[in-house]
Peer 1: 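After the structure tokens below, expect a handful of questions from me.
As the structure lists them, so they are numbered: ligands from 1, and atoms in each ligand from 1.
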Amino acid sequence: MSSEEVSTVYGREEFKRVDVGAVMRDGHPDISDGDQLIVDLVAKKRESAGRPLSVIDVGSGSGVLSELIAQRLPDCRVIANEIAPNPARQARDRLAAHPRAEVFTDDFMDWKEPLDVIISWGSHHHLPHSHLQHARTLLEDGGVLILGDEFCPEYCTEDDVKRLKNADVIELGGGYLLAARDEIEAYRADGSVPEWSRVLEDRRRRTLWNWYKFVIDYAIERDHWPVAIAEMQITKDDMVTAFEEEHKLSPLIVEHELAVNGFEQVAKHVIGDRPAELQSFFIYEFLPANGAAVDSAGDR
Ligand SMILES: C[S@@+](CC[C@H](N)C(=O)[O-])C[C@H]1O[C@@H](n2cnc3c(N)ncnc32)[C@H](O)[C@@H]1O
């Protein structure tokens, strides 16, 4: 996503000298707990494989998680993949002491070698939709996609879920969720958006607002002003429906997105022992499903 440097909080001038990855582990809920869980999942995979693994950390930021994996599993090849120059530089410094670790600074879509583990931690909602199809082609037999993200806490109702289950394609149009081919065609033809999509987007924003208030209060209570200020900017970015680089969706929607892209969900872990409206971090394990993907949605 070439606009990442200029358009999201990670590329802004005031954060240029900040190791955002390190700071977030301190002042933001759930990220460190997620790190530990992901490292444990990769270690378990290493043990069951009985051989060193090739592991990529897509959108690694400054490489905090990549380093934790390299420390725990020194015989595994760990690739920190980051396109933004500043965090990529920080990742290179951080990983310098680990001989089996490296930094890949091109777009994930340009990575061509087979992999045992693809990790996307906090990156899914920043990546173009097409990265799922690419990930599928790279996974070795038995390879796993570990997808962890800060989602929007769940905002789908049972009726929404029924509608999603009937959809063999989903796509974002101007930030609105479209879950049928005729809806997608109508949006492309004249920009029209179904009422259901508008209602869903309104619920997404209200649910997110509640979550971001919690995150910002959490940071301020701990005197973590850089995190609080970054999160205020991220909140604004996420509230703008059409701003595609920061658009957190509900876990159920992302699960469906993975299914239509040919992935089988084998585990879902939630971070944070709190009521559902304050649970935003989920970590999934996905395997490529047998057979071809049903369909893919367009880029987002
Ligand atoms: C929220 S950050 C991820 C944080 C990081 N995983 C961590 O553990 O601290 C998302 C990152 O994805 C990177 N990114 C976005 N598009 C990418 C792409 N196509 N290939 C590789 N990295 C990408 C961004 O530059 C950004 O640093």
Side-chain angles (χ1 to χ4, degrees), residues 1-12 15-16 18-39 41-42 55-71 78-95 101-112 115 117-135 138 145-152 212 215 226-227 230-231 233-235 237-238 243-249 271 280-284 299-300:
M1 203 174 294
S2 56
S3 56
E4 182 73 23
E5 265 292 90
V6 288
S7 54
T8 71
V9 72
Y10 299 94
R12 286 167 69 97
F15 297 108
K16 278 263 153 59
V18 178
D19 180 341
V20 177
V23 168
M24 286 286 180
R25 263 71 186 180
D26 240 7
H28 193 295
D30 300 341
I31 300 178
S32 297
D33 292 339
D35 286 340
Q36 293 312 319
L37 178 66
I38 293 172
V39 174
L41 294 176
V42 181
V55 180
I56 198 165
D57 178 10
V58 182
S60 66
S62 61
V64 176
L65 176 66
S66 300
E67 185 181 29
L68 291 172
I69 297 169
Q71 280 165 345
V78 178
I79 304 121
N81 171 214
E82 176 52 58
I83 47 169
N86 199 44
R89 218 170 12 251
Q90 292 162 339
R92 198 168 277 121
D93 290 347
R94 180 166 271 125
L95 295 172
E102 65 203 85
V103 180
F104 177 66
T105 56
D106 291 344
D107 194 301
F108 171 61
M109 298 299 283
D110 295 326
W111 181 267
K112 303 284 183 237
L115 296 157
V117 181
I118 299 178
I119 299 168
S120 153
W121 180 213
S123 303
H124 178 75
H125 68 280
H126 293 284
L127 293 164
H129 181 96
S130 44
H131 88 279
L132 291 175
Q133 290 290 337
H134 184 56
L138 295 173
L145 168 65
I146 300 176
L147 191 159
D149 208 352
E150 182 179 359
F151 293 80
C152 180
Y212 281 122
V215 171
V227 172
E231 290 297 324
Q233 174 68 34
I234 292 168
T235 305
D237 289 347
D238 213 345
F243 186 71
E244 295 188 351
E245 282 98 1
E246 187 65 70
H247 198 90
K248 297 186 175 80
L249 292 167
I271 311 288
S280 154
F281 279 81
F282 294 85
I283 294 172
Y284 292 93
D299 281 1
R300 51 182 177 96

Peer 1: Are any of the N/O atoms on Trp121, whether in the backbone or the side chain, positioned under 3.5 angstrom from an N/O atom of ligand 1?
Peer 2: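 Among all N and O atoms of Trp121, at least one is under 3.5 Å from an N or O of ligand 1.
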
Peer 1: Using the rule side-chain hydrogen bond (donor to acceptor under 3.5 Å, both in side chains), only one of Lys248, His125, His124 pairs with Asp149; which is it?
Peer 2: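 That would be His125.
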
Peer 1: Taking distance alone, with N or O pairs closer than 3.5 Å, would you say Gly59 contacts ligand 1?
Peer 2: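 Looking only at distances, the answer is yes, because the N/O contact criterion of under 3.5 Å is met.
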
Peer 1: So which heavy atom on Val78 is nearest to which on Ile69, and how close?
Peer 2: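 Nearest heavy atoms, Val78 then Ile69: CG2-CG2, 3.9 Å.
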
Peer 1: Check whether any side-chain N or O of Ser120 sits under 3.5 Å from a backbone N or O of Leu147 as a donor-acceptor pair, and report yes or no.
Peer 2: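 Side chain of Ser120 to backbone of Leu147, a donor-acceptor pair under 3.5 Å: no, none is there.
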
Peer 1: Do Phe108 and ligand 1 have an N or O pair less than 3.5 Å apart?
Peer 2: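 Yes.
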
Peer 1: Is ligand 1 under 4.0 Å from a heavy atom in the side chain of Ser62, in the backbone, in both, or in neither?
Peer 2: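 The answer is neither.
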
Peer 1: Show the atoms of ligand 1 that are less than 4.0 angstrom away from any heavy atom in Asn81.
Peer 2: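 Those atoms are 20 (N), 21 (C), 22 (N).
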
Peer 1: Checking side-chain polar atoms at under 3.5 Å, does Asp19 have a donor or acceptor matched by the opposite partner on Ser62?
Peer 2: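 Judged by distance alone, the side chains do pair up.
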
Peer 1: From the options Ile56, Ile234, Ile38, Ile83, select the one whose nearest heavy atom is closest to atom 14 (N) of ligand 1.
Peer 2: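 Residue with the shortest heavy-atom distance to the ligand atom: Ile83.
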
Peer 1: Residues two or more places apart in sequence or in another chain: which of them pass side-chain contact (heavy atoms from CB on, under 4.5 Å) with Arg25?
Peer 2: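 In terms of side-chain contact (heavy atoms from CB on, under 4.5 Å), with neighbours along the sequence ignored, Arg25 is linked to Ile31, Ser32, Asp35, Val64, Leu65, Trp121.
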
Peer 1: Is it the case that the side chain of His131 and the backbone of Met109 share a donor-acceptor pair, with hydrogens and angles ignored and the cut-off at 3.5 Å?
Peer 2: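 Checked: no pair found.
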
Peer 1: Quick check: does Asp107 get an N/O under 3.5 Å from an N/O on ligand 1?
Peer 2: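 N/O-N/O distance under 3.5 Å: yes.
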
Peer 1: Suppose I only count heavy atoms of Arg25 and a 4.0 Å limit; which atoms of ligand 1 are within that range?
Peer 2: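 Near Arg25, meaning under 4.0 Å from one of its heavy atoms, ligand 1 has 7 (C), 8 (O), 9 (O).
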
Peer 1: Taking only residues two or more places apart in sequence or in another chain, which ones pass side-chain contact (heavy atoms from CB on, under 4.5 Å) with Glu102?
Peer 2: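 Partners of Glu102 under the side-chain contact (heavy atoms from CB on, under 4.5 Å) test: Arg77, Ile79, Trp111.
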
Peer 1: Show which atoms of ligand 1 fall inside a sub-4.0 Å distance from at least one heavy-atom site of Leu127.
Peer 2: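 Here the atoms of ligand 1 in question are 16 (N), 17 (C), 18 (C), 19 (N).
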
